[in-house]
Amino acid sequence: MKRLPKSYYHQTAIKLAEEMLGKILVRKLNKTYLHCRIVETEAYMGTVDKASHAYKGKHTKRKMNLYQPGGSVYVYSIYGIYYCLNIVVNDQKSAESVFIRAVEPLNHLDTLQQNRPVKSKKTVDLTNGPSKLCQALIIDKSLNGINLATSDDIFLVSDGYHPDRIVKTQRINIDYAKEDKDNLWRFYIKGNDFISK
DNA sequence: GTAAAGATCCACT
DNA sequence: GTGGATCTTTACT
């Protein structure tokens, strides 16, 4: 298994959102390496995308981590209770990012289960949503600004797997984005059980 | 200082 | 299918 180099992240969000499907997200917790395959993503095109936090190049305190070099992690809190994981890509001025919506756990399912105290014991409910996977992998604001190309706590590797078929569709829950909401910037692996609704 | 909304999830009818 | 949780961040007075 090979870690993806810094240069990998210097492509557009649209290209990488699709390319990252099938790659493995590694999260180190207590000397244990949790492996999850990325199965669903969305592209956010930064300053030119009405759905993006960086639309029109807005800078606020929270958004500083979007204006980082490719491979940086951008975690933000939503609805006061949850977190969402983004990977900053391309040139840092454009503030593009890939939003990780769902992953498929490959090992240590018991650990993920412990991290997410909910009634459902179904495996799919562990990571089939952007905030679910953050809970299961303990991804929070402390990871903000970390770079996947150099960190040991969280990074991406490839095992050579390539999805058979990829579905392109509209992004979810971004009605506020008006004319940008219909762009086909959501990607997922067809037939995978862990796709969010 | 105050108010409003949100790249979601869960429980319940 | 629907509503409530819950609080950070942002925008505006």
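Proteins get letters first, then strands, A, B, ... in listed order; numbering begins at 1 in each. Not measured: the values here are computed from a predicted model.
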Problem - No-hydrogen, no-angle side-chain donor-acceptor test under 3.5 Å, A:Y44 and A:E42 - result: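 Per modelled atom types, A:Y44 and A:E42 side chains form a pair under 3.5 Å.
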Problem - Test item: side-chain donor near acceptor, A:D140 and A:S142, under 3.5 Å - result: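 The answer is yes; a qualifying pair exists.
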By the 4.0 Å heavy-atom rule, please label [X] as base, sugar-phosphate, or nothing.
{"X": "A:K197", "answer": "nothing"}
{"X": "A:K58", "answer": "sugar-phosphate"}
{"X": "A:K63", "answer": "sugar-phosphate"}

Handout entry: Side-chain heavy-atom pair A:N115, A:L137 within 4.5 angstrom cut-off
Key =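 They are not in side-chain contact.
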Problem - Salt bridge A:R37-A:E104, side-chain N to carboxylate O under 4.0 Å - result: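 Answer for the salt bridge query: no.
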Handout entry: A:R3 and A:D152 ion-paired at < 4.0 Å
Key =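 A salt bridge is present here (some side-chain N lies under 4.0 Å from a carboxylate O).
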Practice task
Could you please name the partner base of B:dA7, counting Watson-Crick and G-U wobble pairs only when both distances are under 3.5 Å?
Solution key: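 WC or wobble partner does not exist here.
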Handout entry: Complement of B:dG1, any strand, by Watson-Crick or G-U distances under 3.5 angstrom
Key =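 Base partner found: C:dC12.
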Handout entry: A:F99, A:W185, A:F187 screened by side chain to side chain contact (heavy atoms under 4.5 Å, CB included) with A:R171, the one that passes
Key =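 So the option named by the test is A:W185.
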Fill in the blank from the handout: Scoring nucleotides 4-13 of chain B by protein non-hydrogen atoms under 4.0 Å (B base, S sugar-phosphate only, - none) yields --BBBBSS--
